[in-house]
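Comments concern the structure below.
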Amino acid sequence: MRWSRTLIATLRDDPQEAEIASHKLMVRAGLIRKLSGGLYTFMPFGLRALQKVARIVREEMDRAGAQELLMPALQPAELWERSGRLAAMGPGMFRLKDRAARLMTLGPTHEEVVTELIAGEINSYRQLPCTVYQIQTKFRDEIRPRFGLMRAKEFIMKDTYSFDTSFEAADASYQAMYDAYVRIFTRCGLAARPVEADTGDIGGKWSHEFMVLADSGEDGIVDCPACGYAANQERAERAAAAPADAACPAIAEVSTPDTRTVDDLVAHFTCGADRFIKTLLYLADGKPVAALVPGNRDLNEHKLKRLLGAKKVELADEPTVQKVTGAPVGFAGPVGLALPVYADQSLKGASDRITGANKADTHIVHVDLARDAAVTAYEDLAVVGAGDLCPRCGKVLQLKRGIEVGHVFKLGTKYTESFDAKYLNDKGQSELMVMGCYGIGVTRTLQAIVEQSHDADGIIWPVSVAPFTVSLLLLDPKDAAVCAVADSLEKELQARGIDVFVDDREERPGVKFKDADLIGCPIRVVAGAKGLAKGGVEVKLRTSKSFDLVPVENAAAAIGKLVNDLTAALNK
RNA sequence: CGGAGCGUAGCGCAGCCUGGUAGCGCGUUUGGUUCGGGACCAAAAGGUCGAGGGUUCAACUCCCUCCGCUCCGACCA
């Protein structure tokens, strides 16, 4: 392909719309263009890179025994009512009506469609296990699309679904996908790290996310350098550390006018935030409960939701708080509260603490939680952060940030129950299939690669996903001898199956060098009059500062070897 | 949904406070000189100043409403 005949425009300035490096670079290098918030066009170069990622995904899915199919993106909403997810996903789903006023949705994911499909297709244990996948556009009405392709309203996802006869068999399918994911991200040149994760709206018992470490990542990752424990902050647990509180006198009320937040309390009582017990009132599927954490900690709503087995957990609104505590927001406390009370494990044995009095403008001091309040249970409820102790080995945890590029779930029978997906076992009895689902954000993976692999000059594509493997700069397009060299080298490389992009523009060399660095193809070849006079073309890696002068007749072979070396290094 | 900021030529921006009919850089086109890390000179094309309404003799500028984009937050006991 030649620059002069390609729809590509590179930008000198950072686009006003972009914040993070990968987003800026993808726009500047002419890979994507924005249509509207969270909606992007893939330009020819962006599409080439995307298709290379998709191809790797496909090859590894096929190798792992999954079969590709393609399901509709437009789906009857009734399907989502059957699983209960129409309500659970709420406004996150795009909804529309067809001409018969039937409610339809644009698929944000495909558990419903695939389970309905498989329930009809599979009848016998002889047909199991069965794993299918697709690479398809998904639609999610994100609250706040951001960072270009990272969180978009429309994006390309690879979604795989496994069906098995038993939980043990499903574990094997899960492991096969987990292994395939490790290979996929390795081949894409990404250092992606599996971490334990929350299952969210998808449901199920167990899941891992594949995270690309990046400061711009949206997820917190809790990491134990000592034993390798790693988990999404939403999921992360911590080892119990009991407080060393001494016994205290009986409780006493203290007037605290207009002192509602922990910051207010710290200022008022001049003590550490950890001396307070934060009492949070939640509605779990509509029923009020209280959750207690130390004043210096945050409550992890995912943990509370899991503990209560609730479908929906939300902070109680002001009227509810007023009703159950008898006080305005800001003065709730566990003492005398007629609700189920769940306390964070670090409050076990807590004594001489300060809490709200369930009375306007009043707190109580000298609270011994066990003595003065009825705590239903002590559980790990706080958000885990740096400095907490590892739940496995007890060493100190670190906190990092990451981009979620893949997610694997053990779903169990959540969906096969909803859709009555059963098979006959070898004794002729009907049993539910056991399911797993596995997603990769293909478009997000592409951007994560850029986020992880760039420098001040531009993108540094891994050879496996670069829009083109070789950038061939034709420095003197008016010099017939140089053109002839570029032409023949282009053909030789193509004959070897190496894709080449020839910059044949009538531009000064500096412009071509800058653009080549920005676009970031892994191998740069310069064909210029100067180089030819010295004996050949210049071959340089994007990652290297220096080049090799290679005689024209050896160039294709030398480049072929470089490609092989780069590919081998990725797959190592 | 709440908070903040921004919408002026393809891209990046100034002008607005203090109203008088729009400018800079890049890019694009043409001509010339250049030619190994984003050249220079000359000329040119390109804008309903996000949309609608209001105030005014006059609105990019002041006021109101709406739309769009970006960032922060969805944590308060």
Side-chain angles (χ1 to χ4, degrees), chain A residues 9-20 23-24 27-28 30 33-39 90-91 142-148 151 216 218 256 258-265 273 276-282 290-295 297-302 304 313-318 320-322 324-325 327-334 337 354-363 382-383 456-458 473-479 482 503 505-518 524 526-534 537-538 540 545 547 549:
Chain A
T10 54
L11 270 35
R12 288 194 189 209
D13 298 316
D14 283 335
Q16 182 260 348
E17 78 199 46
E19 196 70 19
I20 65 173
H23 186 192
K24 288 176 181 170
V27 175
R28 281 191 59 205
R33 289 289 183 259
K34 184 174 72 177
L35 172 65
S36 164
L39 299 174
E142 291 288 347
I143 293 174
R144 184 148 85 84
R146 63 184 124 182
F147 304 148
R151 184 167 295 280
S216 60
E218 293 189 87
T256 53
D258 214 27
T259 309
R260 294 157 192 272
T261 67
V262 169
D263 286 346
D264 293 344
L265 289 165
F276 302 97
I277 298 175
K278 218 156 49 168
T279 305
L280 298 130
L281 296 166
Y282 275 89
L292 271 38
V293 291
R297 313 260 344 183
D298 294 323
L299 182 98
N300 183 331
E301 292 185 3
H302 298 93
L304 183 65
V313 164
E314 58 186 338
L315 213 55
D317 53 26
E318 201 148 352
T320 306
V321 172
Q322 183 82 41
V324 300
T325 67
V329 168
F331 301 97
L337 205 57
I354 302 167
T355 78
N358 299 324
K359 194 164 146 189
D361 296 333
T362 312
H363 280 76
V383 173
D457 294 318
L473 309 193
L474 174 51
L475 288 198
D476 305 284
K478 284 179 174 156
D479 182 323
V482 180
D503 189 349
R505 290 176 297 172
E506 297 202 3
E507 286 285 355
R508 292 161 64 87
V511 174
K512 298 188 181 184
F513 291 137
K514 286 287 184 190
D515 276 334
D517 285 345
L518 176 60
R524 188 187 83 185
V526 174
K530 255 189 187 175
L532 286 183
K534 280 191 233 163
V537 295
E538 295 152 23
K540 172 188 165 302
K545 290 252 180 275
F547 61 81
L549 191 67

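Letters A, B, ... are given to chains in the order of the sequence lines, protein chains preceding strands, and every chain is numbered from 1.
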(request) Identify which nucleotide among C75(B), G36(B), A39(B) has an atom closest to any side-chain atom of Val383(A), counting heavy atoms from C-beta outward. (result) C75(B)
(message) Taking the minimum atom-to-atom distance to the side chain of Lys34(A), which one of C69(B), U28(B), C72(B) wins?
(response) C69(B)
(request) Check if the side chain of Asp517(A) and the base of G37(B) share a donor-acceptor pair of N or O atoms closer than 3.5 Å. (result) yes
(request) Tell me what Tyr282(A) touches on the nucleic acid: a base, only sugar-phosphate, or nothing, going by heavy atoms under 4.0 Å. (result) base
(message) What's Gly333(A) touching, base or sugar-phosphate or nothing? Going by heavy atoms closer than 4.0 Å.
(response) nothing
(message) Please confirm whether the shortest side-chain N or O distance from Arg12(A) to OP1 or OP2 of G12(B) is below 4.0 Å.
(response) no
(message) Base, sugar-phosphate or nothing for Leu265(A)? Non-hydrogen atoms, less than 4.0 Å.
(response) nothing
(request) Could you tell me whether the phosphate oxygens of A39(B), OP1 or OP2, come under 4.0 Å of any side-chain nitrogen or oxygen in Arg508(A)? (result) yes
(message) Starting the side chain at C-beta, find the nucleotide from C75(B), C71(B), C11(B) nearest to Glu19(A).
(response) C71(B)
(request) Just name whichever nucleotide pairs with C1(B), Watson-Crick or G-U, keeping both distances under 3.5 Å, else none. (result) G73(B)
(request) Choose from U70(B), A77(B), G37(B) the nucleotide whose nearest atom is closest to any side-chain atom of Arg524(A). (result) G37(B)
(request) Name the nucleic acid region contacted by Thr279(A), choosing base, sugar-phosphate or nothing; use a 4.0 angstrom heavy-atom cut-off, strictly under. (result) base
(request) Report which part of the nucleic acid Arg28(A) touches: base, sugar-phosphate, or nothing (heavy-atom distance under 4.0 Å, all strands). (result) base
(message) Mind checking if Gly37(A) touches a base, just sugar-phosphate, or nothing, with heavy atoms under 4.0 Å?
(response) sugar-phosphate
(message) Categorize Arg146(A) for me: base, sugar-phosphate, or nothing, with a 4.0 angstrom heavy-atom threshold over every strand shown.
(response) sugar-phosphate
(request) Answer yes or no: is there an ion pair linking Asp298(A) with Lys278(A), defined by an N-O contact shorter than 4.0 Å? (result) yes
(message) Categorize Lys278(A) for me: base, sugar-phosphate, or nothing, with a 4.0 angstrom heavy-atom threshold over every strand shown.
(response) sugar-phosphate
(request) Select one nucleotide: of G38(B), G36(B), G25(B), the one nearest the side-chain heavy atoms of Leu518(A). (result) G38(B)
(request) Return no unless some side-chain N or O of Ser36(A) is found under 4.0 Å from OP1 or OP2 of C69(B). (result) yes
(request) Can you check whether any acceptor in the base of G2(B) is under 3.5 Å from a donor in the side chain of Arg144(A), or vice versa? (result) no
